[in-house]
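Worksheet: the structure to be examined is printed underneath.
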Amino acid sequence: MEREKSLESFFEKEHPFKSGISHLRDLALQTDSVETFKWSIPVYTVNGKNVFGIGRFKSHFGVWFFNGSFLSDPKKVLRNAQEGKTKGMRHWNFSTIEDIDSEGVLQYMEEAVSNEKKGLKIAPDKKSKELIIPDLLQAQLEADTALNTAFTSFSPYKQREFCEFISEAKQEKTKFRRLEKILPMIQNGTGLNDAYR
């Protein structure tokens, strides 16, 4: 009930772009999506997945597509509002209700819904999973079998924390100091950041 009130108040609130966002809503409701309200804005979903949203700002309003990079964009209107920060999201912005190409917007919305049904997704960046053990630590592990056994009993995530703790130090003396700090922790089975978890 609260969601519906918030959704309706978003469209009913007096705003320079009130008629524009209402028109975009009319188009959105023609698609095979479900209207929801997230992050204080209307978001349209398919099978619970975010497909597109309608937003209003100080100088413009528009539609953004969560996986907009998959849209064919025949009109060349989509832009990435956060260049370098988001791979998938694309926006189509308007300044007035007259700027809205209703037929075009509906086509883009329907293509976005279709893409979601096909399961098109941006693959997350895969950070290197290879564990790179700093030479200082590697030498200690090779020299002490018990230490090596204790180290390998940690999860890969915790092993990586130890390795990064040493390798991120800029000076050799800092690397040695950090090595001295973690050796007893490894022997005792204590992760580097266990105290904060």
Side-chain angles (χ1 to χ4, degrees), residues 1-130 155-157 160-161 164 168 193 196-197:
M1 187 67 177
E2 195 60 42
R3 182 186 67 77
E4 283 79 3
K5 272 199 257 178
S6 300
L7 185 60
E8 292 311 317
S9 67
F10 178 88
F11 287 106
E12 290 168 8
K13 185 177 179 183
E14 286 307 319
H15 191 276
F17 304 126
K18 182 179 178 183
S19 58
I21 60 172
S22 292
H23 184 58
L24 291 177
R25 181 189 201 188
D26 292 340
L27 296 171
L29 293 175
Q30 293 176 49
T31 68
D32 188 18
S33 65
V34 175
E35 186 178 57
T36 65
F37 195 68
K38 301 179 181 184
W39 312 293
S40 304
I41 45 143
V43 174
Y44 298 81
T45 66
V46 171
N47 298 323
K49 305 286 185 189
N50 302 327
V51 179
F52 60 88
I54 296 173
R56 60 175 188 233
F57 306 92
K58 284 186 179 176
S59 58
H60 65 275
F61 64 100
V63 183
W64 74 88
F65 300 91
F66 287 88
N67 282 305
S69 59
F70 290 114
L71 294 172
S72 54
D73 194 16
K75 298 179 181 292
K76 306 289 180 233
V77 292
L78 297 180
R79 64 187 190 91
N80 186 341
Q82 292 183 304
E83 207 65 56
K85 289 187 180 177
T86 175
K87 289 184 175 182
M89 195 174 288
R90 297 293 181 271
H91 297 239
W92 187 351
N93 295 335
F94 311 98
S95 300
T96 68
I97 191 169
E98 290 76 27
D99 293 342
I100 299 174
D101 170 358
S102 300
E103 190 178 315
V105 169
L106 185 56
Q107 284 174 353
Y108 277 54
M109 287 176 170
E110 287 176 337
E111 185 184 351
V113 168
S114 173
N115 287 344
E116 182 57 49
K117 288 180 177 178
K118 289 176 192 169
L120 298 183
K121 290 274 179 285
I122 300 289
D125 281 342
K126 288 191 175 155
K127 291 185 178 170
S128 172
K129 295 289 181 201
E130 186 183 349
S155 68
Y157 178 79
R160 192 169 288 109
E161 283 183 331
E164 289 173 356
E168 287 171 356
N193 295 308
Y196 307 107
R197 291 192 172 100

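Reckoned from all heavy atoms, side chains included, excluding hydrogens, waters and symmetry mates.
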Check whether [X] reaches the backbone of [Y] with its side chain - one donor and one acceptor, N or O, closer than 3.5 Å.
| X | Y | answer |
| --- | --- | --- |
| D73 | V77 | yes |
| K18 | E12 | yes |
| S22 | S19 | no |
| E116 | K49 | no |
| R56 | F10 | yes |

Neighbour count above 12 (heavy atom, 6.0 Å) for K121 NZ: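 Atom NZ in K121 is packed in, count exceeds 12.
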Residues, nucleotides or ligands: over 12 heavy atoms within 6.0 Å of D101 CG: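 Yes, CG of D101 has more than 12 neighbouring heavy atoms, counting only those of other groups under 6.0 Å.
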Measuring from atom [atom1] of [X] to atom [atom2] of [Y], what distance do you get when rounded to the nearest 0.5 angstrom?
| X | Y | atom1 | atom2 | result |
| --- | --- | --- | --- | --- |
| H91 | N80 | NE2 | CG | 7.0 Å |
| L27 | L29 | CG | CG | 9.0 Å |
| N50 | T36 | CG | OG1 | 6.5 Å |
| I97 | F17 | CD1 | CZ | 11.5 Å |

Could you tell me if the side chain of [Y] sits less than 4.5 Å from the side chain of [X], heavy atoms only?
| X | Y | answer |
| --- | --- | --- |
| R90 | L71 | no |
| S72 | E111 | yes |
| I54 | I41 | no |
| F61 | H15 | no |
| M109 | Q30 | no |

Specify the closest pair of heavy atoms between [X] and [Y], including all atoms of both residues, with the distance to one decimal.
| X | Y | answer |
| --- | --- | --- |
| L7 | F37 | CD1-CD1, 3.6 Å |
| F94 | G62 | CD1-CA, 3.9 Å |
| A28 | S33 | O-OG, 3.9 Å |
| V43 | F66 | CG1-CE1, 3.9 Å |
| V113 | V46 | CG1-CG2, 3.8 Å |
| S59 | S95 | O-OG, 4.3 Å |

Residue pair F65, L78: steps toward the side chain to side chain contact (heavy atoms under 4.5 Å, CB included) verdict: CA-CA 9 Å; F65 300 91; L78 297 180; 4.0 Å; yes
Residues K38, T45; criterion side chain to side chain contact (heavy atoms under 4.5 Å, CB included); working and verdict: CA-CA 11 Å; K38 301 179 181 184; T45 66; 4.1 Å; yes
Residues E168, R160; criterion salt bridge (charged side-chain N to carboxylate O under 4.0 Å, His left out); working and verdict: CA-CA 12 Å; E168 287 171 356; R160 192 169 288 109; over 6 Å; no
Set of residues satisfying ring-ring contact (aromatic ring centres under 6.0 Å, His included) with respect to Y44, sequence neighbours excluded: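 F52.
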